[in-house]
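First up is the structure itself, then whatever we jot down about it.
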Amino acid sequence: MIAVGVSALAVFMLGMRHGADPDHIAAIDNVTRNSYERTPLLSRFVGTLFASGHSVMVLSISALVGFLGARFAQHGALLELIGTWVSIVVLLAIGIVNVRQLLQGAYADGIRGVKTRLLPRVLREGTSAFLALPIGLLFGLGFETSSQIASLAIVVGSNRGVLDAVIVGSMFCLGMLVTDTLDSVIVHRLIAYRGDKLPRVMRVWLASVTALAFAVAGYEIAQICGWKPPVDDLAITGMLVGTICMVFLYVVYATRRVAMSSPSATPLASKPPSATGEHNR
């Protein structure tokens, strides 16, 4: 069995960081907005459903790496490098698209993602919260996810068999589940909020996710170029997760007591705009 403690905590934190990926947030934002009117209660847990679908691929990849063992480890470095560059391109694209959205003042459209736009229309514009399951599964096919999980399984459990590799994947999934669930809870809160602070809160939310995309992309580019950070990767992950948690807390604080403080706090009369804005065009 793999050692518990530091290794488990590190993989859990990496899972939380993965859940805070801007493309995860954009996909969860989109499904939450689309499903809010039809199932307002269930839409709060879109992130949980998304992470569940995503976890199917994560655990499958972990089991495959554990089964292949050293044979897979020979190509681990190359897979990690390709996956990192794919991640950089996606993150920069998300950042650029959302900077444009910020400049246009289109805060109500939510977070715009790259992968979300590539989904079939039935998934991109569907109004069922359960669509988060297949969307999460498809996102798990992305090379940056596959390579990251494969690298973790190789480092921690590739020579220890399938069981230990799956345990590594499970810890990663648990961390991802926490962050993805928080994503949909926060988006649900923003949709339901009817106070006069909404434009400002949405601006902070959108700007924070955009900044996160550029920050992670910049960090990954710097590492590829040979830069050695003064602290280890776990500390960097902790800072990124801590930052996004602070944004979550800000949204909760800024939208508190809306039912008491705002006479306009009533249920939505119409379907909220999509994160991608696809069905509004």
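The structure displayed is predicted, hence computed values, not measured ones.
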- [ ] Each residue besides Phe130 in its hydrophobic cluster should be listed here, by chain and number; the cluster joins Ile, Leu, Val, Met, Phe, Trp and Tyr at side-chain heavy-atom distances under 4.5 Å.
- [x] Leu42, Leu49, Leu133
Open item on the list: Using the rule that Ile, Leu, Val, Met, Phe, Trp and Tyr join whenever any side-chain heavy atoms are under 4.5 Å apart, tell me whether Phe139 and Val122 fall into a single cluster.
Closed with: yes
Open item on the list: For Gly169 versus Val58, what's the shortest heavy-atom pair and its separation?
Closed with: O-CG1, 3.8 Å
Task: Separation between CG of Asn30 and CZ of Arg124, rounded to the nearest 0.5 Å - done: 8.5 Å
- [ ] Compute both the distance and the angle, then confirm whether Arg256 meets the cation-pi test with Tyr253: under 6.0 Å from the six-membered ring centre, within 45 degrees of the axis.
- [x] yes
TODO: Evaluate side-chain contact (heavy atoms from CB on, under 4.5 Å) for Arg189 paired with Tyr193, printing each intermediate quantity in order.
DONE: CA-CA 6 Å; Arg189 192 179 183 96; Tyr193 182 71; 5.6 Å; no
TODO: Hey, could you give me the CD/OG1 distance between Glu37 and Thr127, rounded to the nearest 0.5 Å?
DONE: 8.5 Å
Task: Polar side-chain atom of Asn98 near backbone of Ile94 as donor-acceptor pair, under 3.5 Å - done: yes
- [ ] May I have the step-by-step check of side-chain contact (heavy atoms from CB on, under 4.5 Å) for Val187 and Trp205, ending in yes or no?
- [x] CA-CA 9 Å; Val187 173; Trp205 172 242; 4.2 Å; yes
List the atom pairs, donor and acceptor, that lie under 3.5 Å between side-chain atoms in residues 211-218 and the rest of the protein, sequence neighbours left out.
none

Open item on the list: Please check: side-chain N/O of Ser184 versus main-chain N/O of Arg44, any donor-acceptor pairing under 3.5 Å?
Closed with: yes
Task: Distance in Å, Ile135 CD1 paired with His54 NE2, rounded so as to fall on 0.5 Å steps - done: 12.5 Å
Task: pair Thr179-Val241: side-chain heavy atoms closer than 4.5 Å - done: no
Open item on the list: Please find the pair of heavy atoms, one from Ala254 and one from Val201, that lie closest to each other, and give the distance.
Closed with: CB-CG2, 3.6 Å
- [ ] Check for a donor-acceptor pair, side chain of Asp183 on one end and backbone N or O of Asp29 on the other, with a separation under 3.5 Å.
- [x] no
Open item on the list: Tell me every residue that passes side-chain contact (heavy atoms from CB on, under 4.5 Å) with Ala93, counting only those two or more places apart in sequence or in another chain.
Closed with: Val114
- [ ] Kindly compute the distance separating CD1 (Ile186) from OH (Tyr250), expressed to the nearest 0.5 Å.
- [x] 11.5 Å
Task: Backbone N/O of Pro40 and side chain of His188: donor-acceptor pair under 3.5 Å - done: yes
Open item on the list: Run the side-chain contact (heavy atoms from CB on, under 4.5 Å) test on Phe12 and Val178 for me, step by step, so that the C-alpha distance in whole Å, both residues' side-chain angles and the decisive distance to 0.1 Å come before the verdict.
Closed with: CA-CA 10 Å; Phe12 178 82; Val178 171; 4.2 Å; yes
- [ ] Report yes or no: do Leu206 and Val252 belong to one cluster of Ile/Leu/Val/Met/Phe/Trp/Tyr joined by side chain heavy-atom distances under 4.5 Å?
- [x] yes
TODO: For the pair Leu91 and Asp21, evaluate side-chain contact (heavy atoms from CB on, under 4.5 Å) and give the outcome as yes or no after the intermediate values.
DONE: CA-CA 8 Å; Leu91 288 168; Asp21 186 285; 4.3 Å; yes
Task: Shared hydrophobic cluster for Phe45 and Ile191 (ILVMFWY, side-chain gaps under 4.5 Å) - done: no
Open item on the list: Test of understanding: clusters of I, L, V, M, F, W, Y form through side-chain heavy atoms closer than 4.5 Å, transitively. Do Val31 and Leu141 belong to the same one?
Closed with: yes
Task: Ala51 to Asp180 - nearest heavy-atom pair and separation - done: CB-OD2, 3.6 Å
- [ ] Calculate, to the nearest 0.5 Å, the distance between atoms OG and CD1 belonging to Ser43 and Ile28 respectively.
- [x] 12.5 Å
Open item on the list: Side chains of Leu182 and Ile244, heavy atoms from C-beta outward: is any pair under 4.5 Å?
Closed with: no
Task: Atom pair CG (Leu163) and OG (Ser62), whose distance is rounded to the nearest 0.5 Å - done: 11.5 Å
Open item on the list: Running the 4.5 Å side-chain criterion over Ile, Leu, Val, Met, Phe, Trp and Tyr, what cluster does Val97 land in, apart from itself?
Closed with: none
Open item on the list: Name the residue from Val168, Leu174, Ile167 that meets the side chain to side chain contact (heavy atoms under 4.5 Å, CB included) definition with Val11.
Closed with: Val168
Task: Minimum heavy-atom distance between Val46 and Ala132, given as atom pair plus value - done: O-CB, 3.6 Å
Task: Considering all heavy atoms, the nearest Leu198-Leu190 contact - done: CD1-O, 3.7 Å
Open item on the list: Strictly by side chain to side chain donor-acceptor pair (under 3.5 Å), give each pair with a member in residues 168-178 just once, sequence neighbours left out.
Closed with: none
Task: Any Ser55 side-chain heavy atom under 4.5 Å of Leu177 side chain - done: no
Open item on the list: Tell me whether Ile25 shares a hydrophobic cluster with Leu14, the cluster being built from Ile, Leu, Val, Met, Phe, Trp, Tyr side chains joined at under 4.5 Å.
Closed with: yes
Task: Backbone of Leu240 reached by a side-chain donor or acceptor of Arg17 within 3.5 Å - done: no
Open item on the list: Please enumerate all residues that pass side-chain hydrogen bond (donor to acceptor under 3.5 Å, both in side chains) together with Ser52, with sequence neighbours excluded.
Closed with: none
- [ ] Mind listing the closest non-hydrogen atom pair of Glu220 and Ser87 along with its distance?
- [x] OE1-OG, 3.3 Å
- [ ] Can you label the angle between the His18 ring and the Phe172 ring as parallel, tilted or perpendicular, going by 30° and 60°?
- [x] tilted
